[in-house]
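Just below is one structure, and these are the notes that go with it.
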There are 2 protein chains.
Amino acid sequence: MENVIVKFKDFLKSHNFLWSKEREIITEQVIDNDYHFTADDLFIQLNQKGKNISRATVYRTLDLLEKSHFVSRIQMQSGKHLYEHIFGHEHHDHLICQECGKIIEFQCEGIEELQKKVALENNFRMTGHCLKIYGICSDCQKKKETKNESEREGE
Amino acid sequence: MENVIVKFKDFLKSHNFLWSKEREIITEQVIDNDYHFTADDLFIQLNQKGKNISRATVYRTLDLLEKSHFVSRIQMQSGKHLYEHIFGHEHHDHLICQECGKIIEFQCEGIEELQKKVALENNFRMTGHCLKIYGICSDCQKKKETKNESEREGE
DNA sequence: TATAAGATTGAGACACAATCACAACTAAAA
DNA sequence: TTTTAGTTGTGATTGTGTCTCAATCTTATA
Ligand SMILES: [Mn+2]
Ligand SMILES: [Mn+2]
Ligand SMILES: [Zn+2]
Ligand SMILES: [Zn+2]
């Protein structure tokens, strides 16, 4: 993933931003996170490694990583933002379990195409989208079933 | 829309919540808003009408209206929540202009069906979803064009 | 290398939506 | 009327995320 560092450097240079030790450390930590994380997760991870980088710099760098499309940001219902790096990842959307919080990723070419169609029909120049499907994952469905069974027995 | 009041009353009763003057006033004000609004918009509207209901009660009642499916809540990128009543409205999703903030509603049966398919494939019991398409509306596209033209002339 | 211009950083203050605790109040049932 | 449990307003509090600004760093240029 050295490649990513190089590309991010290029992005910064071409937009008159500078490279810095802090941005390097943060980017490396982002690469280490193979799943969804919050800005504060990252801040704490860095702290635990003895890297004393301020919250503000973490937020600022995540903004830059988002603008350069190395990271994507998802708004959760709770109001929190989750980030995920998208180096080598293909675009995907999310199923979110309202019981346990689990996030399942999926890709659906049909939905992607229909979105483009909708945008076109509305003379809308689409730059991005966000699709979240809420519900209950299979594990939590099972848990609920067994819970209901044992309750019935208990009566 | 008296009907809505009755149904909301029924919902409350069947869940051991009580009816109150405040809940009635808030629900009426929600009905009056035919478009997207924030909890604070509603609070201010009520205040201007001389109805001194606290913010906390506005938030609490909107929660109940959401739980009873009379209102839906949309999380915006800014972090704010928008509400809209869905009495008589059919389900729809949103195109959001990142230039002017305009929100365009759309319905796409194909997307709805594909989401059900995705959920099924993942043994996921879908309870809802949220699709936002971001981009630039046709008005703002035009504005940008004319701006670019005049800039070219000026040079 | 020295200098200058401009970008970045850290610390903590700040903004803001939303939630909470709790005492006073109110609705509903008996 | 009494009892019980739900509701309300107030104001404090939380939790993300942003902002300010002096000190520091990066880069380009001489
Ligand atoms: Mn993901
Ligand atoms: Mn809408
Ligand atoms: Zn689950
Ligand atoms: Zn627009």
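So you know, we letter chains A, B, ... as the sequences are listed, proteins then strands, and number each from 1.
The interatomic distance linking B:D63 (CG) with C:dA17 (P) rounds to 16 Å, in whole Å. Taking atom CG of residue B:L42 and atom C1' of nucleotide C:dA18, one finds them 15 Å apart after rounding to whole Å. In this structure, CZ of A:F43 is placed 15 Å from C1' of D:dT18, rounded to the nearest angstrom. Across the protein-nucleic acid pair, B:K9 atom NZ and D:dT7 atom C1' stand 17 Å apart, rounded to whole Å. A straight line from CG of B:L82 to P of C:dA17 spans 12 Å, rounded to a whole angstrom. C:dA17 atom C1' lies 16 Å from atom CZ of B:F37, rounded to whole Å. When the P atom of D:dG15 is taken as reference, atom CG of A:D41 falls 14 Å away, rounded to whole Å. The separation between B:E24 atom CD and D:dT8 atom C1' is 16 Å, rounded to whole Å.
Applying the side-chain hydrogen bond (donor to acceptor under 3.5 Å, both in side chains) criterion to B:H89, with sequence neighbours excluded, gives no partner residue. Among residues two or more places apart in sequence or in another chain, the salt bridge (Lys or Arg N to Asp or Glu O under 4.0 Å) test is passed with B:E121 by B:K117. Under the salt bridge (Lys or Arg N to Asp or Glu O under 4.0 Å) criterion, B:R125 pairs with no residue, sequence neighbours left out. Partners of A:E66 by salt bridge (Lys or Arg N to Asp or Glu O under 4.0 Å), not counting sequence neighbours, listed by chain and number: A:R73. A:N33 pairs by the side-chain hydrogen bond (donor to acceptor under 3.5 Å, both in side chains) definition with A:Q45, not counting sequence neighbours. With sequence neighbours left out, B:E99 forms a salt bridge (Lys or Arg N to Asp or Glu O under 4.0 Å) with B:K144.
Pairs engaging residues 31-44 of chain B under the salt bridge (Lys or Arg N to Asp or Glu O under 4.0 Å) rule: B:D32-B:K49, B:D40-B:R55 [sequence neighbours left out]. Counting only residues at least two apart or in different chains, salt bridge (Lys or Arg N to Asp or Glu O under 4.0 Å) contacts with residues 128-138 of chain B are absent.
If you find the closest nucleotide of DNA chain C to B:Y59 and to B:K13, the one lying nearer the 5' end belongs to B:Y59.
Residues of residues 69-81 of chain A that place a heavy atom closer than 4.0 Å to DNA chain D, in numerical order, are A:K80, A:H81.
Between A:F17 and A:H15, the angle of the ring planes stays under 30°, which puts this pair in the parallel group of the 30/60° scheme.
A:L114 forms part of a hydrophobic cluster together with A:L95, A:I104, A:F106, A:I111, A:V118, A:F124, A:M126, A:L131, A:I133, B:L95, B:I104, B:F106, B:I111, B:L114, B:V118, B:F124, B:M126, B:L131, B:I133, judged by ILVMFWY side-chain heavy-atom separations under 4.5 Å.
Across its full length, the helix from C:dT1-D:dA30 to C:dA30-D:dT1 shows an angle of 30° between the axes of its 5 terminal pairs at either end, rounded to 10 degrees.
Inter-residue side-chain proximity for B:E105 and B:Y35 is flagged as met; some heavy-atom pair is nearer than 4.5 Å.
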- Message: Across nucleotides 1-15 of chain C, 5' to 3', mark each nucleotide with B, S or - according to how protein heavy atoms within less than 4.0 Å reach it.
- Response: ------SSBBB----
